[in-house]
Amino acid sequence: MSLKEHRIDAIEEGSIAQEMGIEAGDVLLSVNGKPVRDVFDYHFLINDAVLKVLIRKPDGREWELEIEKDYYEDLGIVFENGLMDDYRSCSNRCIFCFIDQMPPGMRDTLYFKDDDSRLSFLQGNYVTLTNMTDEDVERIITYKLAPINISVHTTNPELRCKMLHNRFAGDALQKIRRFYEAGIEMNGQIVLCRGINDGAELERSIRDLSGYLPYMESVSVVPVGLTKYREGLYPLESFTREDAREVLDMVERWQKICFDRHGKHFIHASDEWYLLAERPFPPEEVYDGYVQLENGVGMMPLLQSEFEAALAADQEESRQQEKKEGFFRKARRMRGRKKEDVQKKRAFSIATGKLAAPLLRKLSAEFLCWHPDTEIYVYAIQNDFFGEKITVSGLLTGQDIRRQLEGKPLGEKLLLPCNLLRSGEEVFLDDMTLGELEKALQVPVHIVKSDGQSLFDEMNG
């Protein structure tokens, strides 16, 4: 294999690399005399107690460093390219692809379709396996990389070729069998399209995938997202309430089968199905530890559970404080307050997608029962940018939020969920910045983490 060079972008503070004098701008040439192809090779090769690392300095000098460390201890090197290799773009033309439904004129990165197995391990991305070579499979097995997240969609080979518009998509399913036989942990995803891979086809897929237990640890079923930009694309239809109920009936029946046989519920429906079917979310134990949160499975019931736990803890603390102070002392103190102080209310607002708005209104009502001195405005933002069929908060744009909140009472601050922004940046999907939104609405905007405790803290603060 030819020598591949990897430029170092940064060194973590207090790391082994810093102690050894490795610096940003240096180039990694090899580890233990072996070339490093990509991030898979790098992490496998450094998992040793004794290393020889070959570095080239910017002036051309080569340093061979002997390093002793704990077996799994990281060196603390951040590379210029996270994959240490070129990103692999998707070779499919899926009939349900969300990127194909994007409007023109957005930033180039939003149109890039990745289908790179390495991103499955690094970022939790779901991959179709169609880009994966036999060598890739063997490396995953040899390095014991897990879990790998797989976009299955259907276990019918012919139907999968049609859905992915790739004649090799059916054969790629055989890789699941290889991972299963090697004991590699997996998670699956099924994007359900009405009249295509639902009904009997969904039944087949669940049955086939449950045969890979325990290494196929979970499978989620999510409804296809349809924007208003579908001209010239495969004709797809939205699911109805009755459709959603049929999907849930099948999922719940298979959950019982899998739990009886394997002790886990295995197959999970995303929150959208329960809302569309107008059914309550299942008990917490059905989610098997919320293993598919990234696919919207259990996000809303978990948020509610965490919020109500935080609220209950706050109530108990208040009770203890009252007990400590004495009821009558508190009553005398309240009578002694100025009338305008007692009547004065703090106010703030919450904006979210139409899917989550009913839950946020419910949690706000629970909060107000114990904090009557507060006023909360909850706004459901319609997704005009992508179309009203898109109801999740993560696909809202800054311009829709601004347009629909202008002139509305917002109180002293506006709370927005963190999934509205690009990771690590204060920028919305349409490139509007957080600062621009604050300026337009003339109110401070607070970005709230996705857990219930954070929501409670922001509401209570």
Is any side-chain heavy atom of Ile190 closer than 4.5 Å to one of Ser220? no
Can you measure from CG (Leu429) to CG (Asn419) and round to the nearest 0.5 angstrom? 11.0 Å
Electrostatic pair Glu252-Lys256, nearest N-O below 4.0 angstrom: no
Pairwise side-chain contact, Leu129 with Val127, heavy-atom cut-off 4.5 Å (strictly under): yes
Euclidean distance, His153 NE2 relative to Ile196 CD1, rounded to 0.5 Å: 12.0 Å
Of the options Arg88, Arg118, Lys175, which is the one that meets Asp136 in a salt bridge (charged side-chain N to carboxylate O under 4.0 Å, His left out)? Arg88
Does Met84 offer a backbone N or O that forms a donor-acceptor pair with the side chain of Asp38 under 3.5 Å? no
Using side-chain heavy atoms (C-beta onward) and a distance below 4.5 Å, is Phe348 in contact with Leu414? no
Which value, rounded to the nearest 0.5 Å, describes the distance between Glu284 atom CD and Gln304 atom CD? 11.0 Å
Would you name the heavy atoms of Val219 and Leu209 that are closest together and state the gap between them? CG2-CD1, 3.9 Å
Are side-chain heavy atoms of Asn149 and Met186 found at a separation under 4.5 Å? no
Are any side-chain N or O atoms of Asn47 and backbone N or O atoms of His43, one a donor and one an acceptor, separated by less than 3.5 Å? yes
Can you give me the closest heavy-atom contact between Phe98 and Gly225, atom names plus distance? CD1-O, 4.2 Å
Donor-acceptor contact below 3.5 Å, side chain Lys413 vs main chain Glu458: yes
Distance col, row Arg346:CZ vs Met459:CE, nearest 0.5 angstrom, shows 8.5 Å
Less than 3.5 Å apart, any donor N or O on the side chain of Asp41 or Tyr143 sitting next to an acceptor on the other? yes
Show the nearest heavy-atom pair for residues Tyr71 and Ala49, with the distance to one decimal. CD1-N, 4.0 Å
Around Phe281, counting heavy atoms of other residues, nucleotides and ligands shown, do more than 12 lie under 6.0 Å from its CZ? yes
Counting heavy atoms not belonging to Arg93, are there more than 12 under 6.0 Å from its CZ? no
Salt bridge (Lys or Arg N to Asp or Glu O under 4.0 Å) between Glu366 and Lys362, worked out: CA-CA 6 Å; Glu366 293 176 7; Lys362 179 179 184 296; 2.7 Å; yes
Using the ring of each side chain (for Trp, its six-membered ring), is Phe112 parallel, tilted or perpendicular to Tyr87, with breaks at 30° and 60°? perpendicular
Can you find a heavy atom in the side chain of Val378 that is under 4.5 Å from one in the side chain of Ser364? yes
Just checking Glu13: does its CD atom have more than 12 heavy atoms from other residues, nucleotides or ligands closer to it than 6.0 angstrom? no
Step through the shown structure and confirm whether more than 12 heavy atoms of other residues, nucleotides or ligands are within 6.0 Å of CD on Glu426. no
Name of the residue among Tyr290, Tyr287, Phe307 meeting side-chain contact (heavy atoms from CB on, under 4.5 Å) with Leu302: Tyr290
To the closest 0.5 Å, what do you measure between CD (Glu12) and CD1 (Ile77)? 9.5 Å
Arg194: what forms a salt bridge (Lys or Arg N to Asp or Glu O under 4.0 Å) with it, not counting sequence neighbours? Glu237, Asp243
Less than 4.5 Å apart, side chain to side chain, heavy atoms only: is that true for Glu388 and Asn383? no
How long is the straight-line distance from OH of Tyr72 back to CG of Asp48, given to the nearest 0.5 Å? 10.0 Å
If the threshold is 4.0 Å, N to carboxylate O, is there a salt bridge linking Arg177 and Asp208? no
Does Glu68 have more than 12 heavy atoms from other residues, nucleotides or ligands lying within 6.0 Å of its CD? no
Quick one: does Trp273's side chain get under 4.5 Å of Val247's, heavy atoms only? yes
Within-4.5 Å side-chain heavy-atom neighbours: Asn32 and Leu51: yes
